[in-house]
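Naming convention: chains lettered A, B, ... in sequence-line order (proteins, then strands); numbering from 1 in each chain. Computed from a predicted structure; not experimentally measured.
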Amino acid sequence: MENQLFIHNTLTRRKELFEPINPPFAGMYVCGPTVYGDPHLGHARPAISFDLVFRYLLHLGYKVRYVRNITDVGHLVADLDEGEDKIAVKARVEQLEPMEIAQYYADRYFIYMNALNVKRPSIEPRASGHMIEQILMVQKILDAGYAYEVNGSVYFDVEKYSKSHEYGKLSGRILEDLISNTRSLEAQDEKRNNADFALWKKAQPEHIMRWPSTWGDGFPGWHLECSAMSTKYLGDYFDIHGGGMDLLFPHHESEIAQCEAAIGHESVKYWMHNNMVTINGQKMGKSLGNFITLDEFFTGTHASLQQAYSPMTIRFFILQAHYRSTLDFSNEALQAAEKGLKKLLAGYETLVKLIPTPPPLSLPEGEGRIHDLQRSCYASMNDDFNSPMVIASLFEGVRLINSAADQKESLSIPEMVLLKNIFDTFLFDILGIRDEKSNDQGELLDGLMQLVLAIRQKSRETKDWGTSDQIRDALQKLQITVKDGKDGSSWGKE
RNA sequence: GGUUUCGUGGCCGAGUGGCUAGGCAGCGGUCUGCAAAACCGUCCACAGCGGUUCGACUCCGCUCGAAACCUCCA
């Protein structure tokens, strides 16, 4: 199977052939969460989008090192007097150690990401554990002459940098606009220029999170950790850097500047950005207060939710949109995703039952519609990870399966085996859907159900519909659906 | 104001210079004791106005509308 993977590079704004720097290795860095609150639907988007990338690169045979950071140092808070650390602020409110809070929310993050079947990255470095690397990077930038120190803080000199480099090339911004448009905030008079950003901030006495450095006690600027940790684990030049579109400026723009200033050349080959989840057309985010946490989705405990939505429903919902499009949340859309996913999984089960055991040993090199289906799945993934198209192809597969089960269409055994292989590969391995209802009591349940259905069949034969319906209704309450067909009854669990 | 995008049928969402996206919902039918499920058929589109073209939803321009970023945010 030939695979020419094309990735949309934000830097060039076009799709480019993916050619890893050191095949068969591939390096990917993605900006992870700041752990000071419960993860919400917005956090699920990049996690799942780049999980898809991770899974597909693995499927293609690359040896992938996927690094996603945990921000536990905190960023400056503009609306507070002294530019306090976000995590430190929360700590004072709750009378907890900052690290206690970071630990708590990091754990929560992993729990919910795990529920969404998001694979754990290869390395999940924490900003607080990489202070030395960050301080060294600041020093490198100072040595290169692209930063200056004022009163124990170090700032990046954007104006000087842009004389020899292009600050703004990722986000398309023009330096003059930045200088004239950037709002001036308190305690920024230290900066030579509005567009300059902090590499290292001096810690005020009340600031809890602080680290010693050559410039005095302080804490790193908020763009620094990603530059320091990505290059530490992936090298001076690596393949993919991802994150949310909202991080494009200034975060990623500044990362580029920091790396070029410290290293002397670009560090990222492909920049990838996922789009936002919206609610009523607006970005779902912490600051707008319009977010719904994953916990609330899973339990249905939020005023704007009509019901609970399972983790796989959420995952499927996200994958039904392309990662670079906005995705609008609504109950209707989520319910549609829930039903669609159910249909897909039911189709897979039907297929498994159609295939005789043991399956034939040899898989003849076939052609025709099933291979076309497989080809289109690959083509979709290769076209910048177009998961909605893959899903459409899988639905086409379901239509074939159901038609075959209804004997309105014939599928050969090799065709069915190939179809199952497509589902196993794309639905489960690459899209990362897992069947939530499967459990290890399957055999017991299966035996019991055979018995129940046999008894019900007797009553049906004597046209005792009362008993028959009573059994069916009772099973329905247990979320088991009985389907009566020509050749007897079958059942399925919700 | 600047930067980057977007505007697709009842809803969510792909895609393309001429060929059915897909899902959910609706309608009609097949099947069924009745259902459910499934299958078949069907309805509903490409913001508006110009331009390029044999032909545009797709390219270009303008208008209107929306969003993200410019301040912590996935």
Side-chain angles (χ1 to χ4, degrees), chain A residues 10 13 30-34 36-37 39-50 71 74-80 83 86 168 170-174 176-178 180-183 185 195 222 242-251 253 273-278 281-288 291 316-317 320-322 324-341 343-344 346-347 350 380 383 386-396 398-399 401-403 405-409 460 463 465 468-469 472-473 476 481-486 490 492:
Chain A
T10 312
R13 307 201 183 274
V30 174
C31 293
T34 302
Y36 70 111
H40 58 75
L41 186 58
H43 293 103
R45 189 94 196 259
I48 290 171
S49 298
F50 292 104
T71 299
H75 301 149
L76 296 176
V77 175
D79 55 349
L80 288 170
K86 203 180 261 177
L170 183 67
S171 55
R173 261 154 241 254
I174 299 154
E176 287 72 45
D177 296 336
L178 291 171
S180 55
N181 286 336
T182 305
R183 216 180 291 178
L185 302 166
W222 67 283
M245 257 178 201
D246 50 352
L247 296 178
L248 230 148
F249 188 89
H251 185 53
E253 195 70 62
H273 291 91
N274 65 274
N275 216 317
M276 304 291 107
V277 174
T278 58
Q282 266 198 326
K283 172 183 167 185
M284 182 182 283
K286 191 103 181 154
S287 53
L288 288 165
F291 61 92
F316 189 68
F317 172 68
Q320 265 192 309
H322 188 259
R324 282 190 290 112
S325 301
T326 55
L327 172 59
D328 202 45
F329 153 83
S330 70
N331 279 282
E332 212 177 348
L334 235 30
Q335 281 159 13
E338 184 179 52
K339 287 199 172 183
L341 176 60
K343 182 176 178 174
L344 221 41
T350 305
S380 302
D383 184 15
N386 197 325
S387 53
M389 292 263 284
V390 174
I391 290 170
S393 295
L394 293 176
F395 274 113
E396 173 61 19
V398 169
R399 202 188 58 73
I401 293 165
N402 287 330
S403 293
D406 272 13
Q407 291 168 355
K408 286 177 178 165
E409 181 94 53
R460 295 186 75 221
K463 298 201 193 297
W465 307 125
S468 152
D469 287 355
R472 187 172 64 188
D473 294 347
Q476 190 61 59
T481 306
V482 178
K483 303 168 194 173
D484 296 329
K486 253 182 226 161
S490 62

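- In the set B/G13, B/C73, B/A38, B/A38 carries the atom at the smallest distance from any side-chain atom of A/Asn402.
- Side-chain atoms of A/Arg472 come within donor-acceptor range of the base of B/A35, with a qualifying N/O pair under 3.5 Å.
- Side-chain nitrogen and oxygen atoms of A/Lys343 include none within less than 4.0 Å of the OP1 or OP2 phosphate oxygen of B/A38.
- On the P atoms, B/C59 is 10 Å away from B/G7, given to the nearest whole Å.
- Nucleotides B/G1 and B/U42 place their P atoms 49 Å apart, quoted to the nearest Å.
- Under 3.5 Å, the side chain of A/Asp469 and the base of B/G33 form at least one donor-acceptor pair of N or O atoms.
- B/G26 and B/C64 have their C1' atoms separated by 32 Å, with the value rounded to a whole Å.
- Taking the C1' atom of each, B/C31 and B/A47 are spaced 44 Å apart, rounded to whole Å.
- Across the P atoms, B/C19 and B/U71 are found 47 Å apart, a figure rounded to whole Å.
- A/Ile391 places its CD1 atom 12 Å from the P atom of B/C24, with the value rounded to the nearest Å.
- Of the candidates B/A68, B/C24, B/A35, the closest approach to any side-chain atom of A/Lys339 belongs to B/C24.
- For B/C40, one of the phosphate oxygens OP1 or OP2 lies less than 4.0 angstrom from a side-chain nitrogen or oxygen of A/Arg399.
- The partner of B/G1 is B/C70, judged by Watson-Crick or G-U wobble contacts that both fall below 3.5 Å.
- Residues A/Thr71 and A/Trp222 are not in side-chain contact: their nearest non-hydrogen atoms beyond the backbone lie 4.5 Å or more apart.
- For A/Ala336, counting side-chain heavy atoms from C-beta on, the closest listed nucleotide (B/A25, B/A14, B/G23) is B/G23.
- Residue A/Ser403 has its side chain nearest to B/C40 when only B/G33, B/C12, B/C40 are considered.
- B/G61: Watson-Crick or G-U partner is B/C49, with both key distances under 3.5 Å.
- Closest contact between the side chain of A/Trp222 and the listed nucleotides B/A14, B/C12, B/U71 involves B/U71.
- Between A/Asn386 and B/G15 there is a side-chain N or O to OP1 or OP2 distance below 4.0 Å.
- Here the side chain of A/Asn386 pairs a donor or acceptor atom with the backbone of A/Met389 at under 3.5 angstrom.
- When distances run from any side-chain atom of A/Asp328 to the nucleotides B/C12, B/A35, B/C24, the shortest one goes to B/C12.
- Comparing B/G22, B/G33, B/C11 by their closest approach to the side chain of A/Ser330 singles out B/C11.
- At least one donor-acceptor pair closer than 3.5 Å links the side chain of A/Arg13 to the backbone N or O of A/Leu170.
- Stacking between A/Phe395 and B/G23 is absent: the aromatic ring centre is not both under 5.5 angstrom from the base six-membered ring centre and within 30 degrees in plane angle.
- OP1 or OP2 of B/A14 has at least one side-chain nitrogen or oxygen of A/Ser325 nearer than 4.0 Å.
- Among B/A68, B/C12, B/C70, the nucleotide with an atom closest to any side-chain atom of A/Pro250 is B/C70.
- For B/C31, there is no paired base (Watson-Crick or G-U wobble, both distances below 3.5 Å).
- Atom pair A/Arg324:CZ and B/C69:C1' shows a separation of 17 Å (rounding to whole Å applied).
- Taking every side-chain heavy atom of A/Glu332 into account, B/C11 is the closest of B/A21, B/C11, B/G13.
- Across all non-hydrogen atoms, the minimal contact from A/Arg45 to A/His322 is NH2-O, 2.8 Å.
- Counting only heavy atoms from C-beta outward, the side chains of A/Leu344 and A/Phe395 approach each other to under 4.5 Å.
- Among the nucleotides B/C24, B/C12, B/U4, the one closest to the side chain of A/Arg13 is B/U4.
- Between B/G17 and B/U52, the two C1' atoms lie 12 Å apart (nearest whole Å).
- Take the nearest nucleotide of RNA chain B for A/His322 and for A/Gly32: the residue whose nucleotide is more 5' is A/His322.
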